[in-house]
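A short write-up of the structure that comes next.
Per chain, numbering begins at 1; letters A, B, ... match sequence-line order.
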Number of protein chains: 2
Amino acid sequence: MKIDPVSILKEHDLKHTKQRVRVLEEIALDTVAISQPDLEKKLGKEIDRVTLYRILNTYQEKGILHRIMDMNGTANYAICSSSCSEDHHHDEHVHFNCTKCFKIYCLEVEVPRIKMPKGFLAKTVSSTAYGICEKCNNI
Amino acid sequence: MKIDPVSILKEHDLKHTKQRVRVLEEIALDTVAISQPDLEKKLGKEIDRVTLYRILNTYQEKGILHRIMDMNGTANYAICSSSCSEDHHHDEHVHFNCTKCFKIYCLEVEVPRIKMPKGFLAKTVSSTAYGICEKCNNI
DNA sequence: TAGTATATGCAATTTAATTGCATATACTAT
DNA sequence: ATAGTATATGCAATTAAATTGCATATACTA
C-alpha cells in the first residue's frame, strides 16, 4: 500500500507535525494491523505516550485508521481504505486474528450481508476469524 | 433461558461456592450480555473484585461464559449455549453492539461461512453488528 | 513575520488488572 | 459425621493503562 502521510493529513485538515507523520509511516509499514503496545514500544523514544494516544484517537475519529479490538481488548490499528470518512467507516472486510502470534490481518474478503431482526439498525458489521495464520502454520 | 448454576458447576468440575453461583445468576438475568464494569457495580458489595476477575476467567475458559469485547475493549459476558465446552466454543451467532446504550445482544442469527485465504486456518468466526438497538430506536 | 490556535510533553491523577499470601470454604475419604 | 486436603476467597500491595491539566513549542493565517 502506498501511503503519503502529508497528503492524508491535508485531506483531513490536520496539522502537519512530525509525530503525526511518524505514526502514519509506522502503521503503513505493514499490512498487518499493529497493536497499541507495539506502537508504544517502537515509538516510545520519539513520541510521548499521551501524544500517541491522542494521535491514534484523532486518526480513528477522522477515519484515517481502523481500530480493531483483539480478543484481549487491546486496540490494534490499520490504515483505512481511501473510502473511509469521518462520518462512515468502510471497514467491511474480514479480519483474521491469529491466536498464536496475535497478529491481526485485514483479509481481502468482504463481510457477508447479515439480515438483522426487526428493530435493529446495523450501521456496520465486523467479522473476525480466530485461528492460526499463514506464518504460524508454516512453523 | 433457564439456568441452574449448581448443575452447571457440577458439569464442569467446579466447586460450588456462593460467589460462583451468584455470578451465574446475575449474568443469566438478562439475554443481553453484561459488561464487567456493570457486574462489578452490581456485585461489588458481595464479591471481591479480584474474585470476580477469577470467576469470570475460569467460566470463560471452561466454556460456561462467552467473553465479547466491545468497541471500547471492555469485556462483556453472556451465558454460552449448552454446546460449548472447554475445547471449543460454539458462539457462532451474530452479536449486536448498540452504539447508543452500549448493550450487546446475542442475536438468533448464525454467523455466515467465510472462505479463508490459503494458509489461514480459522477455528471460529465472530460477527458483530454495530448500530442502534431495538430499544434505543423506540425512544 | 507576528499573532493565534492547536499539538506536544511532562507531571500528576485516576482507573484497571495482577500477584502473593493468609484465611476460609468445599469436597474426599475415613 | 469429621478430619484432612485442596482450592477459592478476600485483602494488601503492586504493576500497568488511561486520562487530565497545564506550560511550552509548533504549525498555519493574515
Checking contacts here: which listed nucleotide (D:dC28, C:dA26, D:dT9) is nearest the side-chain heavy atoms of B:Lys15?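 Of the options given, the side chain of B:Lys15 lies nearest C:dA26.
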
Less than 4.5 Å apart, any side-chain heavy atom of [X] and any of [Y]?
X: A:Ile79; Y: A:Leu24; value: yes
X: B:Tyr130; Y: A:Ser126; value: yes
X: B:Arg49; Y: B:Glu40; value: yes
X: B:Thr128; Y: B:Ile104; value: no

Quick one: [X] [atom1] to [N] [atom2], roughly how many Å, whole number?
X: A:Arg22; N: D:dT26; atom1: CZ; atom2: C1'; result: 19 Å
X: A:Glu40; N: D:dA16; atom1: CD; atom2: P; result: 12 Å
X: B:Asp48; N: C:dA17; atom1: CG; atom2: C1'; result: 13 Å
X: B:Glu46; N: D:dA8; atom1: CD; atom2: C1'; result: 17 Å
X: A:Arg20; N: C:dT6; atom1: CZ; atom2: P; result: 11 Å
X: A:Leu52; N: D:dA16; atom1: CG; atom2: P; result: 18 Å
X: A:Lys18; N: D:dC28; atom1: NZ; atom2: P; result: 13 Å
X: A:Leu14; N: D:dC28; atom1: CG; atom2: C1'; result: 13 Å

Residue met sooner reading DNA chain D from 5', once B:Val50 and B:Gln19 are mapped to nucleotides: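 The answer here is B:Gln19.
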
Should D:dT15 form a Watson-Crick or G-U wobble pair with both distances under 3.5 Å, which nucleotide is its partner?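 Across any shown strand, D:dT15 pairs with C:dA16.
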
Under a 3.5 Å cut-off for both distances, is C:dA22 Watson-Crick or wobble paired, and to whom?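 Check on C:dA22: paired to D:dT9, both distances under 3.5 Å.
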
I want to confirm an ordering. Mapping B:Thr17 and B:Pro37 to their closest nucleotides on DNA chain C, which one lands closer to the 5' end?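 Its nucleotide being nearer the 5' end, the pick is B:Pro37.
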
Toward the 5' end of DNA chain C, by each residue's nearest nucleotide, B:His16 or B:Asn57: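 Per heavy-atom nearest nucleotide, the more 5' residue is B:Asn57.
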
For [X], report the nucleic acid contact type (base, sugar-phosphate, nothing); a contact means any heavy atom under 4.0 Å.
X: B:Arg54; value: base
X: B:Thr51; value: base
X: A:Arg49; value: base

Between the side chains of A:Ser127 and B:Ser127, is a donor N or O closer than 3.5 angstrom to an acceptor N or O?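 Checked: A:Ser127/B:Ser127 side chains pair up, N/O donor to acceptor below 3.5 Å.
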
